[in-house]
Amino acid sequence: CTSIVAEDEKGNLFHARNLDFGLFMGWDIKNKSWIITEKLKPLVVNLDFRRNNQTVFKSTNFAGYVGMLTGIKPRTFTLTMNERFSLDGGYIGILEWIFGKRDGIWMSFLTRSVLENANSYEEAKTLLAQTKLLAPAYFILGGNQTGQGCIITRSRLLSIDVFDINLKLGRWFVLETNYDHWKEPLFLDDRRTPAIKCMNQTTQSNISLKTLYDVLSTKPVLNKLTAYTTLMQVSEGTLESYIRDCPNPCMPW
Amino acid sequence: QFIPPYTEDCRTDMYPPKGPTFKGAVSWYTVDLDLPPGKRWAAVISDKKAELVSMVQAIKDLANALVPSGRLIELVDVSLPLMANTLPQPFGEEIKGISAVSGVPLGEVVLFNIFYEVFTV
């Protein structure tokens, strides 16, 4: 996955993501594609969660999946989740759950609960940073005021790091793939460097949903695992999603 | 670049989405949180039933390729339905509702819903 929160020169916040999923789950030699990724694409839906006939939040989901990986609480915050691979991974949390130790929360259930119940960027940030989880994760959160954008790096138990937009330091965007931002990505899977290069080339004065789509359309940020691209603008409450394809030649991840 | 990692110059003018990297638009559905959890996903799943069944079948094919005896899927079908009862509300009931509308066995819907956690290793 690749998630980006960026602030333009007028203080508008944009949040966009590529959802990549299906690594090592069956390679279709004939079509040069991942079997599960291709099966997931027709399941992509946009959802408008309503209570008392009013929108509470919106999300891009796979039909049949009740947790949230991508969502927006209009005029309040935007949220995406990226996988964080670790030996202390989710399977340990699941085993603990099976054996009755149930003090952690499933990560996609937490994101849904935050989208449903949190009423501010700060409240969402606190919940995402402090709630005990079953699996490690990256939460990418955007707000509706200048400087409100961050990557929360989580282990199952702790918030390891919170990396914020900082305009004073010239950091007008934060960008997360599937590696801790203070470490080098795996050399075989470096989507971060090309994505950052394209963001810097775009410049803060030209950032928009349109140019974020350009960044997320550049290989290898776009790759064979990419199921969809979502673009969100918190101030307008907009969420738009597109099913993607990566024509050959294209990286498998 | 025609050798891996197939990097390219930063794309421009890709929006509005079109061309070979755009596979289609995404449909909108409403999920009514005032409905009982078991009924919230009925409209979505009714529309996407065939696609859900096909995706779950692909997972089963992969599992059966790994464990040809079929014991892995047997385990999913026997054990994971029990997990649905332990999931926090409203998620457990929503998952049961999805299984009922789609006809996909409960354990297999639970498996799909915990996929992301499982694959963090």
Side-chain angles (χ1 to χ4, degrees), chain A residues 25-26 35-36 39-52 56 60 63-67 83-87 89-91 93-94 97-98 102 106-109 134-136 190 194 197-198 201 210 213-215 217-220 222 228 241-247 249-251, chain B residues 1-17 20-34 41 44-45 47-48 51-52 54-56 58-59 61-62 65 79 83 86-88 90-91 94-95 98 102 104 109 112-121:
Chain A
M25 283 192 264
I35 293 169
I36 297 297
K39 291 286 181 186
L40 283 170
K41 288 178 184 177
L43 285 172
V44 179
V45 288
N46 287 330
L47 301 172
D48 182 3
F49 286 82
R50 296 174 79 90
R51 186 175 285 130
N52 298 325
V56 181
T60 305
Y65 189 82
V66 302
E83 266 184 306
R84 180 168 183 257
F85 302 104
S86 164
L87 281 176
Y91 69 100
I94 292 170
W97 186 275
I98 289 168
R102 294 176 186 150
W106 302 78
M107 52 186 181
S108 62
F109 294 171
L134 262 67
D190 185 6
K197 179 186 150 203
C198 292
Q201 204 167 302
K210 176 182 171 296
Y213 187 82
D214 289 336
V215 174
S217 299
T218 303
K219 295 172 187 174
L222 179 75
Y228 67 79
S241 300
Y242 304 98
I243 299 169
R244 304 307 304 266
D245 200 22
C246 192
C250 178
M251 275 296 274
Chain B
Q1 183 186 329
F2 289 94
I3 54 166
Y6 307 123
T7 51
E8 57 187 5
D9 291 338
C10 297
R11 290 278 185 161
T12 56
D13 298 323
M14 297 294 287
Y15 191 93
T21 67
F22 171 58
K23 204 170 180 182
V26 178
S27 318
W28 277 94
Y29 294 87
T30 297
V31 177
D32 186 351
L33 295 170
D34 293 319
W41 296 89
V44 184
I45 300 304
D47 264 20
K48 294 286 183 182
E51 291 87 347
L52 183 60
S54 169
M55 193 275 303
V56 169
I59 294 172
D61 291 345
L62 280 174
S79 308
M83 191 188 268
T86 70
L87 296 177
F91 307 109
E94 289 186 5
I95 287 171
I98 289 166
S102 64
V104 175
V109 181
F112 179 41
N113 274 275
I114 63 174
F115 239 44
Y116 224 75
E117 265 85 359
V118 175
F119 283 94
T120 50
V121 63

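The chains referred to below are lettered A, B, ... by the order of the sequence lines, with proteins before strands, and numbering in each begins at 1.
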If we ignore hydrogens and angles and just use 3.5 Å, is the side chain of B:E8 paired with the main-chain N or O of A:K219 as donor and acceptor?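 The answer is yes, because a donor-acceptor pair under 3.5 Å joins these two groups.
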Hey, is the main chain of B:M14 close enough, under 3.5 Å, to the side chain of A:D214 for a donor-acceptor pair?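 Flag set: sc A:D214 to bb B:M14 pair under 3.5 Å.
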So [Y] and [X], do their side chains get closer than 4.5 Å, heavy atoms only?
X: B:K23; Y: A:R244; value: no
X: A:V66; Y: B:W41; value: yes
X: A:W97; Y: B:T86; value: yes
X: A:D245; Y: B:T21; value: no

May I ask you to name which of B:P5, B:P20, B:P17, B:A58 has the most heavy-atom pairs under 4.5 Å with chain A?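 Of the options given, most contacts go to B:P17.
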Using a cut-off of under 4.5 Å for heavy-atom pairs, which of B:P4, B:S102, B:P16, B:S27 has the most such pairs with chain A?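 When all of B:P4, B:S102, B:P16, B:S27 are compared, B:S27 has the most.
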Taking atom [atom1] of [X] and atom [atom2] of [Y], what is their separation to the nearest 0.5 Å?
X: A:I35; Y: B:L62; atom1: CD1; atom2: CG; answer: 5.5 Å
X: B:F115; Y: A:E83; atom1: CZ; atom2: CD; answer: 10.5 Å
X: B:D61; Y: A:I36; atom1: CG; atom2: CD1; answer: 8.5 Å
X: B:F22; Y: A:S217; atom1: CZ; atom2: OG; answer: 11.0 Å

Side chain to side chain contact (heavy atoms under 4.5 Å, CB included) between B:L87 and A:W106, intermediate numbers included: CA-CA 9 Å; B:L87 296 177; A:W106 302 78; 3.6 Å; yes
Between B:D13 and A:K210, is the closest basic N to carboxylate O distance under 4.0 Å?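 Yes, this pair counts.
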Is A:L47 close to chain B through its backbone or its side chain, or both, or neither, when contacts mean heavy atoms under 4.5 Å?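 Contact with chain B involves both backbone and side-chain atoms of A:L47.
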Can you name the closest pair of heavy atoms from [X] and [Y] and give their distance?
X: B:N113; Y: A:Y65; result: OD1-CA, 3.3 Å
X: A:L43; Y: B:K48; result: CD2-O, 4.0 Å
X: A:G64; Y: B:V109; result: O-CG1, 4.2 Å
X: B:R11; Y: A:T218; result: N-OG1, 2.9 Å
X: A:I243; Y: B:A25; result: CD1-O, 4.0 Å
X: A:I94; Y: B:E117; result: CD1-CB, 4.0 Å

Please enumerate all residues that pass side chain to side chain contact (heavy atoms under 4.5 Å, CB included) together with A:N52, with sequence neighbours excluded.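 Testing A:N52 for side chain to side chain contact (heavy atoms under 4.5 Å, CB included), a comparison that skips the adjacent residues, returns B:D34.
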Which one, A:G26, A:C246, A:C198, A:G67, leads in non-hydrogen pairs under 4.5 Å with chain B?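 Most pairs with chain B among the choices: A:C198.
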Tell me, out of A:P194, A:S108, A:G93, A:P247, who's got the most heavy-atom pairs with chain B below 4.5 Å.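 Max contact count across the listed options: A:P247.
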Criterion side chain to side chain contact (heavy atoms under 4.5 Å, CB included) on B:Y29 and A:F49, from CA distance to verdict: CA-CA 9 Å; B:Y29 294 87; A:F49 286 82; over 6 Å; no
Assess the residue pair B:L33 and A:R50 against the criterion (side chain to side chain contact (heavy atoms under 4.5 Å, CB included)); give the C-alpha distance rounded to whole Å, side-chain angles, the decisive distance to 0.1 Å, and a yes or no. CA-CA 6 Å; B:L33 295 170; A:R50 296 174 79 90; over 6 Å; no
Steps toward side chain to side chain contact (heavy atoms under 4.5 Å, CB included) verdict (B:W28, A:D48): CA-CA 7 Å; B:W28 277 94; A:D48 182 3; 4.3 Å; yes
Does atom CG of B:D47 have more than 12 heavy-atom neighbours from other groups under 6.0 Å away?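 More than 12 within 6.0 Å, yes.
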Return yes if a side-chain donor-acceptor contact under 3.5 Å exists between B:S54 and A:K39, otherwise no.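 Yes, A:K39 and B:S54 have a side-chain donor paired with an acceptor closer than 3.5 Å.
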Answer with side chain, backbone, both or neither: which region of B:I98 has an atom nearer than 4.5 Å to a non-hydrogen atom of chain A?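 For B:I98, the contact with chain A is made by the side chain alone.
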According to the interplanar angle, ranging from 0 to 90°, do the rings of A:F109 and B:F91 count as parallel (below 30°), tilted (30 to 60°) or perpendicular (above 60°)?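 Geometry flag for B:F91 against A:F109: parallel rings.
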